[in-house]
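Remarks on the structure that follows.
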Amino acid sequence: MELLNQVRGHHFMLGVFKNQQQDPYCSACSAFANTLKAARESVAKLEAEHSDAFKALSPEYGSMMAETRTGLSILQGPADPSGQKRAGNCKLPQGVCFIKASFALVQQI
C-alpha cells in the first residue's frame, strides 16, 4: 500500500507543477526549478528501489506512474529562475510556497 500511495503522491505533484507552471510567479521561481529537479530524482529513485514491485502494479497504477514519469520529464522549468519571494514578487506569507509545500507532503508518504 505504501508504494501505491507514493505513486499517487508523485502523480499529485505532477498536477501541482502543471497548474503552477501557468502562475506568473511560480513559473519563474527558483523553487519551481529546484523542486522539479528533486521530484524527477524522487521518481527515478522510487522506480529503482521498487522495480520488481512496479511490474506487479495494476494497470491503473502502472499508467499513473508512466504518466507521472513522462509528465515530469517534459515539464519546462524556468529558463532563468530567480527567487520570487526574495525579489518581492511572491506575496504568499513567509515560509509558504505552493510548490515546496506540496513536495514536502509527497515526501511524508
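Start at 1 with the first residue, then count along the sequence.
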So which atom in Ala31 and which in Ile99 form the shortest heavy-atom distance, rounded to 0.1 Å? O-CG2, 4.0 Å
Ser30 meets the side chain to side chain contact (heavy atoms under 4.5 Å, CB included) criterion, sequence neighbours left out, with Asn34, Pro81
Taking only residues at least two apart or on different chains, which pairs with a member in residues 67-78 satisfy salt bridge (charged side-chain N to carboxylate O under 4.0 Å, His left out)? Glu47-Arg69
Closest non-hydrogen atoms of Leu72 and Leu14, given as atom of the first, atom of the second and distance, are N-CD1, 3.7 Å
Pairwise distance CD(Gln107) to CD(Gln6) - rounded to 0.5 angstrom: 10.5 Å
Contacts of Tyr25 that satisfy side chain to side chain contact (heavy atoms under 4.5 Å, CB included) - sequence neighbours left out: Asp23, Gln84, Asn89
Grab the two heavy atoms, one from Ile109 and one from Gly9, that are nearest each other, plus how far apart they are. CD1-CA, 3.9 Å
With ring pair (Phe, Tyr, Trp, His ring centres under 6.0 Å) as the rule and sequence neighbours excluded, what pairs involving residues 76-109 come up? none
Where is the tightest heavy-atom contact between Ala33 and Pro78, given as atom of each residue plus distance? CB-CD, 3.9 Å
Applying side-chain hydrogen bond (donor to acceptor under 3.5 Å, both in side chains), name anything that partners Ser42, two or more places apart in sequence or on another chain. His10
Tell me every residue that passes side chain to side chain contact (heavy atoms under 4.5 Å, CB included) with Ala44, counting only those two or more places apart in sequence or in another chain. none
Hey, what do you get for CD (Gln20) to OG (Ser102), rounding to the nearest 0.5 Å? 7.5 Å
Hey, could you give me the CG/OG distance between Leu46 and Ser51, rounded to the nearest 0.5 Å? 10.5 Å
Please collect all salt bridge (charged side-chain N to carboxylate O under 4.0 Å, His left out) contacts where either partner lies in residues 76-105, sequence neighbours excluded, each pair once. none
Of all residues at least two apart in sequence or in a different chain, which pass the side chain to side chain contact (heavy atoms under 4.5 Å, CB included) check with Leu105? Phe12
With rounding to the nearest 0.5 Å, note down the distance linking CD in Gln21 to CG in Leu36. 8.5 Å
Looking at residues at least two apart in the chain, or sitting in another chain, which of them share a ring-ring contact (aromatic ring centres under 6.0 Å, His included) with Phe32? Phe17
Could you give all pairs that pass the salt bridge (charged side-chain N to carboxylate O under 4.0 Å, His left out) test and reach residues 35-44, with sequence neighbours left out? Lys37-Glu41
Under 3.5 Å, which donor-acceptor pairs link side chains of residues 54-66 to any protein atom two or more places apart or in another chain?
residue: Ser58; atom: OG; partner: Glu60; partner atom: OE1; Å: 3.2
residue: Ser58; atom: OG; partner: Tyr61; partner atom: N; Å: 3.4

